[in-house]
Amino acid sequence: MAIKFIDEIDLKGKTVLARFDFNVPIDKTDPSKITDTTRIDEAIPTINLLIKMGVKKLVLMSHLGRPKGPEKKYSLLPVATYLAQKLEEEVVLTESAVDAGIKTLLTLSHPRLILLENLRFQKEEEANDPAFAKTLASYAEYYVNDAFGTAHRKHASTYGVVQHFKNKALGGLLLRREIEALDKVVHHPQHPFVAIMGGAKVSDKIKIIENILSEVDQLLIGGAMAYPFLLAKGIKIGKSLCSDEDVKLAKGILQLPTGQKIVLPADHIASSSLEGEPITVNTTEIPDDLMGLDIGPNTLKKFKDCLKNSKTVLWNGPMGYFENSNFSSGTFAVAQILSELSNAFTLVGGGDSVSAVKKSGLEKKIGHVSTGGGASLEYIEDGSLVGINALKFGVN
Ligand code: AMP
């Protein structure tokens, strides 16, 4: 069954409950300031379309952070303020998602836009509590999910609520863009298909590595993710970040018939400590007193060569300890290489590689930069997400 999206239905005069991912970073010193508004900006086209269609009421909902009950620093007030500015329309923030006043607000002709306070102030949200889902559903005739970043969560607002909207649960425009982009990689990738994986923990990404190996033509591994693989091949890695468990997992992967598709670093930028001076190590082996913190220039050449004829590229995870500028070159160079691949569909998913692409200013030259780190990885792993399946098949 296919998802119905908002532009396939006439919602004029209807009340709509819409789930977004407004989980934006808030300035630690000034809680009224949002430090990156991308997630809200990405939701604006859906909100604007609903307004343009002439919905009677639009009840917006989201979570922010991981509050343990109502906590002022996790209030959606800065989001309400920003939305009102962007949309040039009043946005009323409710006291809570279950505030008794919401029902009254819904009977008034004004305001049209109502933002429910942080859903996670109610523990029932993450517990997918049926009564909480029912209360949320009581606010509107239609439900829209545009929260791709949370679509892998089986929560009341992303899952349980759908039960109450038979044939009236729709996908938003951002959700569609994310699914279409991910499907190009997950369901019908053009070959050569090259994946680049980085970051720190093999164990977190083991399933995705195994799955992806049967699909890709090559898998380039960088970042701390590379060291368990190097060690598993008997190559010394000095004091680089690496756990015994990860080496065991890496050994298993290298023994798979598809293991030969893995391409590992040939050289490194290393140092005596995380904050130490960068030293180029021209060999695959890293001396005992050094830790690898970035991929080296020869590795970059090797990676560039693997990528040059590719038709599909998936990148997840930084190539080193890129938060320190001494060790960020590899990560930014990979972003640059991807931005120059004119014949390939390039997809960047996962928090740190996304922020590297944004920092480098190359976002516009990448095929798709996913707004959901965990969600995009799970989609690649499983071919769908629980929130998306709820829209497709309903919830019993
Ligand atoms: P992940 O969440 O698995 O994508 O890991 C991202 C984190 O891995 C970032 O904070 C990076 O700084 C860190 N990282 C990547 N490569 C290295 C490395 N060689 N040594 C230490 N940390 C690294």
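Order of appearance sets the numbers: ligands from 1, and atoms from 1 within every ligand.
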Student: If you look at every heavy atom in Ser370 and Gly349, which pair is closest and at what distance?
Tutor: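 Shortest heavy-atom separation between Ser370 and Gly349 comes out as CB-CA, 4.2 Å.
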Student: Within the structure provided, determine whether Leu219 and Thr258 are in side-chain contact (heavy-atom separation under 4.5 Å).
Tutor: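 SC-SC contact between Leu219 and Thr258 ruled out.
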Student: Answer yes when Arg112 and Glu90 have at least one side-chain N-carboxylate O distance shorter than 4.0 Å, and no when they do not.
Tutor: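 Between Glu90 and Arg112 there is no salt bridge, as every charged N stays at least 4.0 Å from the carboxylate O atoms.
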Student: Could you go through ligand 1 and list every pair where one of its N or O atoms sits under 3.5 Å from a protein N or O, giving the atom names and the distance to one decimal?
Tutor:
unit_1: ligand 1; atom_1: 3 (O); unit_2: Ala200; atom_2: N; d: 3.0
unit_1: ligand 1; atom_1: 3 (O); unit_2: Lys205; atom_2: NZ; d: 3.4
unit_1: ligand 1; atom_1: 4 (O); unit_2: Lys205; atom_2: NZ; d: 3.0
unit_1: ligand 1; atom_1: 5 (O); unit_2: Ala200; atom_2: N; d: 3.1
unit_1: ligand 1; atom_1: 10 (O); unit_2: Glu323; atom_2: OE2; d: 2.5
unit_1: ligand 1; atom_1: 12 (O); unit_2: Glu323; atom_2: OE1; d: 2.5
unit_1: ligand 1; atom_1: 12 (O); unit_2: Glu323; atom_2: OE2; d: 3.3
unit_1: ligand 1; atom_1: 16 (N); unit_2: Ala224; atom_2: N; d: 3.0
unit_1: ligand 1; atom_1: 16 (N); unit_2: Gly320; atom_2: O; d: 3.4
unit_1: ligand 1; atom_1: 19 (N); unit_2: Tyr227; atom_2: OH; d: 3.4
unit_1: ligand 1; atom_1: 19 (N); unit_2: Gly292; atom_2: O; d: 3.1

Student: With a 4.5 Å limit on heavy-atom distance, are the side chains of Lys184 and Leu347 in contact?
Tutor: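 Of all side-chain heavy-atom pairs linking Leu347 with Lys184, none is under 4.5 Å.
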Student: Looking at every non-hydrogen atom in both residues, tell me the closest pair between Glu71 and Lys68 and how far apart they are.
Tutor: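 In this case the closest contact between Glu71 and Lys68 is OE2-N, 2.8 Å.
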Student: Among Ile, Leu, Val, Met, Phe, Trp and Tyr joined by side-chain contacts under 4.5 Å, find the other residues sharing a cluster with Leu293 and list them by chain and number.
Tutor: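 Cluster partners of Leu293: Ile269, Leu274, Met291, Tyr321, Phe327.
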